[in-house]
Amino acid sequence: MRTAVFSTKSYDRQFLAPAAEAAGHEMEWFEPRLSRATCPLARGFSAICTFVNDALDATILQAIHEGGTRFVALRCAGFNQVDLAMAGQLGIQVARVPTYSPYAVAEHSVGLMLALNRKLYKAYNRVREGNFSLEQLLGFDLRGKTVGIFGTGQIGTVAARILHGFGCRLLLVDIHENDACRAMGTYVSREQLIAESDIITLHCPLLPQTHHLIDDRAIDQMKPGVMLINTSRGALIDTRAVINGLKSSRIAYLGLDVYEEEADLFFEDLSGDVIQDDVFARLLTFPNVLITAHQAFFTSNALTEIARVTMVNVTAFAEGQPLTNAVTVDLLKK
Ligand code: NAD
C-alpha cells in the first residue's frame with residue numbers, strides 16, 4: 001500500500017523504510033508536519049502515517065477525506081491530537097502503536113529525576129570549565145522519598161518498578177488499579193498523592209478529564225520543594241501555573257519532556273532562531289528546570305517496534321482485516 005508519511009525525520013526513514021519494504025508497502029516521505037497548509041500532500045493517498053504533532057482536527061480530517069484518505073496510521077501511542085468523533089463520522093479508520101517500549105519512557109522519566117536531583121546538567125558544564133566546586137549541587141537520597149505516580153498503565157508500572165527498586169514509597173492514582181502496582185505501593189486519592197508526594201510523575205493520557213490536572217489549585221496543595229516530572233503530554237500541566245509555582249519555590253525541580261505548545265518547537269533545530277513563545281522562554285530561565293524535546297520514546301528498541309507495528313496496522317487496513325490497534329471514540333470512555 002502507498003502511504004504518505006508526514007513529519008519524516010532521518011530516524012523515521014531509517015526504521016520505517018526497511019519495515020515497509022519487508023511488508024511490501026511503498027512509503028512516500030514528507031518532511032512537513034500535517035497541517036491545514038500541508039494536507040494537500042495527502043491527496044491521492046488512501047493511507048497516511050503521522051506522529052504526535054501532526055494535526056488531525058475536524059477541518060484537516062475533512063480535507064484529507066476529500067483527497068481520498070481513509071486510514072491514519074499513528075506511529076505513536078497517544079491519540080489526543082485526533083478528532084476521533086469526526087474520523088468516525090467520515091469513516092476514516094485510525095490505528096496506533098499502543099505499546100512500543102514503556103521502558104524507554106519510564107527510564108527517561110527517572111533519568112530526569114536523577115539529573116535534576118543531583119544537578120548533573122550543571123555538574124557537566126562546571127567540570128568542563130574547570131570548576132570543581134560542589135556549591136549548590138547538594139542532592140538527596142531517593143531511598144525513602146514518597147513518589148506519586150499519576151497513571152499506572154504500562155509506563156507508570158515500569159516507573160513504579162524502577163522507583164520501588166530505589167526504595168521509594170509509592171503513592172498511586174489511576175481509574176483502573178493494577179495488582180502489580182498494588183504490590184509495590186498504595187492507591188490513594190488524587191488529593192492525597194498531590195499533598196504527600198516529594199516527587200510527582202505523570203503517566204496518564206491527555207483527555208478532557210486530565211487537561212491541566214496540574215493547575216494553581218493542585219500546586220497550592222503540593223509539598224513545598226516538590227519535584228514535578230511530565231513525560232506524558234504537555235497539556236496535563238497548566239504551564240503558567242507551574243511558572244508561578246517555580247517562582248514561589250513551591251516547585252523546586254521541574255523535569256519536562258513535553259510542553260503544551262510544543263508543536264511549533266520540538267523536533268526542529270531552532271538554534272539560529274529567536275524563540276517566540278514567551279512562556280517557554282521563561283521556563284528556560286529557571287536554574288531548576290530540565291527540559292528535553294519529546295525524546296523519552298527515542299530508543300532504538302522503541303523505533304524498531306514502532307516501525308513493526310505501524311506496518312502491521314497498514315497491512316491490516318490494506319487487506320481489509322480488523323484493526324487490532326484501532327483508535328475509536330470508545331477508547332476515550334475507558
Ligand atoms: P497506558 O494506557 O498504558 O496507561 C495510561 C494509564 O492512565 C491507564 O492505566 C489509565 O487507566 C490511566 N488513566 C486514564 N485516565 C485517567 C484519569 N483520568 N486519572 C487517572 N488515571 C487515568 O498508557 P502508557 O503507554 O503508559 O502511556 C501513558 C502516556 O505516556 C501516553 O498517553 C502518552 O501521552 C505518553 N507517552 C509519552 C511518550 C514520550 O516520548 N514522551 C511516549 C509514549 C507515551
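Both counts, for ligands and for their atoms, begin at 1 and track the order of listing.
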Identity of the nearest option to atom 44 (C) of ligand 1, non-hydrogen atoms only, from Ile155, Thr292, Val52, Leu202: Ile155

Side chain, backbone, both or neither: the part of His294 lying under 4.0 Å from ligand 1 by heavy atom: side chain

Close-contact set for ligand 1 against Phe150 heavy atoms, below 4.0 Å: 19 (N), 20 (C)

Note, Leu213 side chain near Cys204 side chain (heavy atom, < 4.5 Å): yes

Validation row, ring centre His294 to ring centre Phe267 under 6.0 Å: yes

Region of Asp257 engaging ligand 1 - heavy atom pairs below 4.0 Å: side chain

Side chain to side chain contact (heavy atoms under 4.5 Å, CB included) partner of Val226, chosen from Ile200, Ile219, Leu254, Ile194: Ile200

Which segment of Thr152 sits under 4.0 Å of ligand 1 when only heavy atoms are counted: backbone

Proximal atoms of ligand 1 relative to Asp174 (non-hydrogen, under 4.0 Å): 6 (C), 7 (O), 8 (C), 9 (O), 10 (C), 11 (O), 12 (C), 13 (N), 20 (C), 21 (N)

Test of proximity, Phe297 against ligand 1: N or O pairs below 3.5 Å: yes

Check: Gln295/Asp257 side-chain N/O donor and acceptor closer than 3.5 Å: no

Element-labelled atoms of ligand 1 that are located less than 4.0 Å from some non-hydrogen atom of His176: 11 (O)

Side chain, backbone, both or neither: Tyr100 near ligand 1, heavy atoms under 4.0 Å: side chain

Test log, rule side chain to side chain donor-acceptor pair (under 3.5 Å), inputs Glu31 and Thr8: CA-CA 5 Å; Glu31 285 180 20; Thr8 306; over 6 Å; no

Between Tyr259 and Phe280, ring centroids under 6.0 Å: yes

Ligand 1 contact on Gln154 by region, counting heavy-atom pairs under 4.0 Å: both

Partners passing side-chain hydrogen bond (donor to acceptor under 3.5 Å, both in side chains) against Ser35 (at least two apart in sequence or in another chain): Thr38

Atoms of ligand 1 close to Leu207 [distance to a heavy atom under 4.0 angstrom, numbered from 1]: 15 (N)

For Thr231, the ligand 1 atoms whose distance to one of its heavy atoms is below 4.0 Å: 37 (C), 38 (C), 39 (C), 41 (N)

Enumerated ligand 1 atoms positioned under 4.0 Å from heavy atoms of Thr210: 17 (C), 18 (N)

Distance filter under 4.0 Å to Val105 heavy atoms, resulting ligand 1 atoms: 38 (C), 42 (C), 43 (C)

For Pro205, the ligand 1 atoms whose distance to one of its heavy atoms is below 4.0 Å: 5 (C), 7 (O), 13 (N), 14 (C), 32 (O)

Side-chain donor-acceptor contact under 3.5 Å, Gln154 with Thr99: yes

Under-4.0 Å heavy-atom contact with ligand 1, by part of Phe298 that carries it: neither

The single option from Asp179, Asn178, Thr186 passing side-chain hydrogen bond (donor to acceptor under 3.5 Å, both in side chains) against Arg182: Asp179

Closest heavy-atom pair and its distance - Thr201, Ser109: OG1-CB, 4.3 Å

Cation-aromatic face contact Arg13/Tyr11, 6.0 Å, 45 degrees: no

Test item, Ser232 contacting ligand 1 (heavy atom, 4.0 angstrom): yes

